[in-house]
Amino acid sequence: IPHITNEIKDAIRQVGEADPGIDVSIVEIGGTAGDIESLPFLEAIRQLRIDLGRDRVLYIHVTLIPYLEPGGEAKSKPTQHSVKELRSIGIHPDIIVARSARPLSEEMRAKIALFCDVETRAVIQNVDTDNIYAVPLVLAEEGLDEIIVERLKLPGKRPDLSAWADLVERIRRPRQQVRIALVGKYVELPDAYRSVGEALVHGGIAHATQVEVVWVSAEDIEANGPDPYLADVDAILVPSGFGDRGAEGMIQAAGYARTRNIPYLGISFGLQLAVVEFARHVCGLAGANSTEIDPATPHPVVDRLEGRPAGERLGGTMRLGAYPFRLEPGSRAYDLYGGQLAHERHRHRYAVNNRYRDMLAERGFRVTGVCTDDNIIEVMELDHHPWFMGTQFHPEFKSRPDRPHPLIAGFVAAALARRQARTGVAGTAGSAANISGK
């Protein structure tokens, strides 16, 4: 279907054309070679090599080399078959990155090169590492970067990876440790919160700290109360979610953090439910809730975004993408960002109801960040608490291992301070002031 592949090619080109400083676009075609879902994308990149020229497009095939323990041997047949599948649709891999649990022998590399029609040096082994952030160092040692620069005829020199090596070393040898509870409704599928978990790792790197994420089911809190799960943690994070399942458990978690001075970060749904808890137990609004959970609530402190269709239509009604917002000078968020204007990414269709904004602020739960376009509440902070913040946006989406999000780095610093206060463990957390979220 030509217009489908043309749209894919146009999208790939637009990424590179958006910024004249971009030299190379890395485009991942997910899935498995031969899957029907990826065929239009594979056909698009096949055509792209013809459109742009053979010197401007490079194909790298990432493949698994299974290791059979009983026989003590690695098997290259799956790789041979996947390459055959790609070649049958006109894609000839230039480089093969071989995922493996153990180092490949020279004989195995030569065999893969022979039957997949690539140079032996273009068979790059990617052996399992103790942490994922060591992978770039492994690939550099294998010479992957040199081959790419050579094949694409790029001007280049040996990269200085010392800063990245230092980052990996800090992960491997942390000076401190904190336990942060992640209270969610999908904890049986940790990949649902993968971005949040990795962002906490990034925040830990900034402070040479290992972050132990304690996965807590919101439904378990509903059944047994928060104390069995949250009494021994240094901070509590409630992430995003949808629907009423587990919501009361997440509300209890927010209340537990508020009343016990435990650092708290609520992301999207986590902010909304912290507002529900505060409205009920501090503002005295019995039955306060989000209309997502209880459409008939007498106090809709969280409501569907203005201008979005009412009812059960869920398809295109979300507020997606990046939006600008202004931070209140003197607030914790302002200090962590180091400025008044910020841009963050969103995915939600409900928000804190502006009608209750003054009431919440009078009792100490203040709005400290507001969208400049439509007055949507973006950040709220609790007065007279060591560290209690909620965001309507998703800070984890912009966090990077070498550039942790400032709010998450600040949250980890607060967890460290609490751990030291309650256990007496010495150790100085690094300053979050030198961390940029831009």
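- Distance alone, capped at 3.5 Å, places no donor-acceptor pair between the His343 side chain and the Phe325 backbone.
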Begin from the C-alpha positions of Arg194 and Glu396 and carry the test salt bridge (charged side-chain N to carboxylate O under 4.0 Å, His left out) through to its verdict. CA-CA 9 Å; Arg194 177 64 64 190; Glu396 72 274 18; over 6 Å; no
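- Leu200 and Val412 get closest at one heavy-atom pair: O-CG2, 4.2 Å.
- Within 6.0 Å of CD1 on Ile132 lie no more than 12 heavy atoms contributed by other residues, nucleotides or ligands.
- Ion pair Arg49/Asp94 flagged as a salt bridge, since at least one NZ, NE, NH1 or NH2 atom sits closer than 4.0 Å to an Asp/Glu carboxylate oxygen.
- Judged by distance alone, with hydrogens and angles left aside, the side-chain atoms of Lys185 form a donor-acceptor pair with the main-chain N or O of Arg245 at under 3.5 Å.
- With respect to the salt-bridge test (charged N to carboxylate O, under 4.0 angstrom), the residues Asp335 and Arg332 do not qualify.
- Between the side chain of Trp164 and the backbone N or O of Tyr133 there is at least one donor-acceptor pair closer than 3.5 Å.
- The line from CD1 of Ile91 to CD1 of Ile89 is 4.5 Å long, rounded to the nearest 0.5 Å.
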Trace of the ring-ring contact (aromatic ring centres under 6.0 Å, His included) decision for Trp387 with Phe411: CA-CA 7 Å; Trp387 210 100; Phe411 177 57; 5.5 Å; yes
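- The side-chain heavy atoms of Ile60 and Pro93, taken from C-beta on, include no pair separated by under 4.5 Å.
- With hydrogens and angles ignored, the 3.5 Å screen pairs no side-chain donor or acceptor of Thr297 with any backbone N or O of Asp294.
- The environment of CZ in Phe41 is sparse: at most 12 heavy-atom neighbours from other residues, nucleotides or ligands sit within 6.0 Å.
- Closest non-hydrogen pair, Pro239 versus Phe269, comes out as O-CB, 3.8 Å.
- Ion pairing between Arg400 and Glu198 fails under the 4.0 Å rule for side-chain N and carboxylate O.
- The shortest side-chain heavy-atom distance between Val302 and Asn289 does not fall under the 4.5 Å cut-off.
- Here the closest non-hydrogen pair linking Tyr264 and Gly270 is OH-O, 2.8 Å.
- Annotation for Ile50: atom CD1 counts as buried by contact number, over 12 foreign heavy atoms lying within 6.0 Å.
- Using modelled atom types, no side-chain atom of Arg419 and backbone atom of Asp234 make a donor-acceptor pair closer than 3.5 Å.
- Between the side chains of Thr79 and Thr63, a donor-acceptor pair is found at a separation under 3.5 Å.
- Atom CZ of Arg172 has more than 12 heavy atoms from other residues, nucleotides or ligands within 6.0 Å.
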One pair to check against side-chain hydrogen bond (donor to acceptor under 3.5 Å, both in side chains): Gln176 and Thr209. What are the steps and the verdict? CA-CA 5 Å; Gln176 304 156 117; Thr209 296; 3.2 Å; yes
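- Side-chain polar atoms of His348 and Ser240 form no donor-acceptor pair below 3.5 angstrom.
- A salt bridge links Glu378 with Arg319: at least one charged nitrogen is closer than 4.0 Å to a carboxylate oxygen.
- If you check the side chains of His202 and Ser399, you find a donor sitting under 3.5 Å from an acceptor.
- Side chains of Val178 and Val233 form no contact here, defined as non-hydrogen atoms less than 4.5 Å apart.
- We find that Lys111 and Glu107 are not joined by a salt bridge, their nearest charged nitrogen and carboxylate oxygen being 4.0 Å or further apart.
- The line from CG of Asp23 to CG of Leu154 is 7.0 Å long, rounded to the nearest 0.5 Å.
- By the 6.0 Å contact criterion, CD1 on Ile36 is open, its count of non-hydrogen atoms from other residues, nucleotides or ligands being 12 or less.
- Taken from OG in Ser217 to OH in Tyr229, the straight-line distance is 8.0 Å, to the nearest 0.5 Å.
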Run His346 and Phe397 through ring-ring contact (aromatic ring centres under 6.0 Å, His included) and show every step you take. CA-CA 9 Å; His346 302 71; Phe397 288 167; 9.7 Å; no
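- Judged purely by distance below 3.5 Å, without hydrogens or angles, the side chains of Tyr334 and Glu381 never pair a donor atom with an acceptor atom.
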Pair Tyr59-His92, ring-ring contact (aromatic ring centres under 6.0 Å, His included): steps then yes or no: CA-CA 7 Å; Tyr59 297 130; His92 189 138; 9.1 Å; no
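- Of all the heavy atoms in Ile96 and Cys116, the pair that sits closest is CD1-CB, 3.5 Å.
- Judged by distance alone, the side chain of Gln125 and the main-chain N or O of Leu104 form a donor-acceptor pair under 3.5 Å.
- Looking at His61 and Ser82, their side chains come closer than 4.5 Å, going by heavy atoms from C-beta outward.
- Residues Asp145 and Leu139 have side chains not in contact (no heavy-atom distance under 4.5 Å, counting atoms from C-beta outward).
- Using a 4.5 Å heavy-atom cutoff, the side chains of Ile236 and Ile180 are not in contact.
- With Asn131 contributing its side chain and Val168 its backbone, the two residues share no donor-acceptor pair below 3.5 Å.
- The neighbour count for Glu28 CD, taken as heavy atoms of other residues, nucleotides or ligands under 6.0 Å away, does not exceed 12.
- Glu219 contributes no side-chain N or O that, together with a main-chain N or O of Gly246, makes up a donor-acceptor pair within less than 3.5 Å.
- Judged by distance alone, with hydrogens and angles left aside, the side-chain atoms of Tyr193 form a donor-acceptor pair with the main-chain N or O of Tyr186 at under 3.5 Å.
- Rounded to the nearest 0.5 Å, atoms OG1 (Thr391) and CD1 (Ile408) are 8.0 Å apart.
- Minimum heavy-atom separation, Leu341 to Pro324: CD1-CB, 4.3 Å.
- Between Leu327 and Tyr337, the closest side-chain pair of non-hydrogen atoms falls below 4.5 Å.
- A distance of 5.0 Å separates CG of Leu182 from CH2 of Trp215, quoted to the nearest 0.5 Å.
- Looking at heavy atoms from C-beta onward, Val201 lies in side-chain contact with Ile205 at the 4.5 angstrom threshold.
- A salt bridge between Glu292 and Arg304 is absent, with no side-chain N of the basic residue lying under 4.0 Å from a carboxylate O of the acidic one.
- No salt bridge links Arg102 with Asp128; every basic N to acidic carboxylate O contact stays at or beyond 4.0 Å.
- When all heavy atoms of Arg151 and Ala122 are compared, the closest pair comes out as NH2-CB, 4.5 Å.
- The structure places CD of Gln80 at 8.0 Å from CD1 of Ile112, a figure rounded to the nearest 0.5 Å.
- Relative ring orientation between Phe365 and Phe388 is described as perpendicular, the plane-to-plane angle rising above 60° on a 0-90° scale split at 30° and 60°.
- With hydrogens and angles left out, the side-chain atoms of Gln272 and Gln392 include a donor and acceptor closer than 3.5 Å.
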Evaluate the ring-ring contact (aromatic ring centres under 6.0 Å, His included) criterion for residues Phe393 and Tyr323: first the C-alpha distance (whole Å), next the side-chain angles of each, then the deciding distance (0.1 Å), finally the verdict. CA-CA 9 Å; Phe393 54 85; Tyr323 290 84; over 10 Å; no
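- A donor-acceptor contact under 3.5 angstrom links the side chains of Glu43 and Gln47, judged on distance only.
- Sorted by first and then second residue, the pairs that involve residues 52-61 and meet salt bridge (Lys or Arg N to Asp or Glu O under 4.0 Å), not counting sequence neighbours, are Asp55-Lys153.
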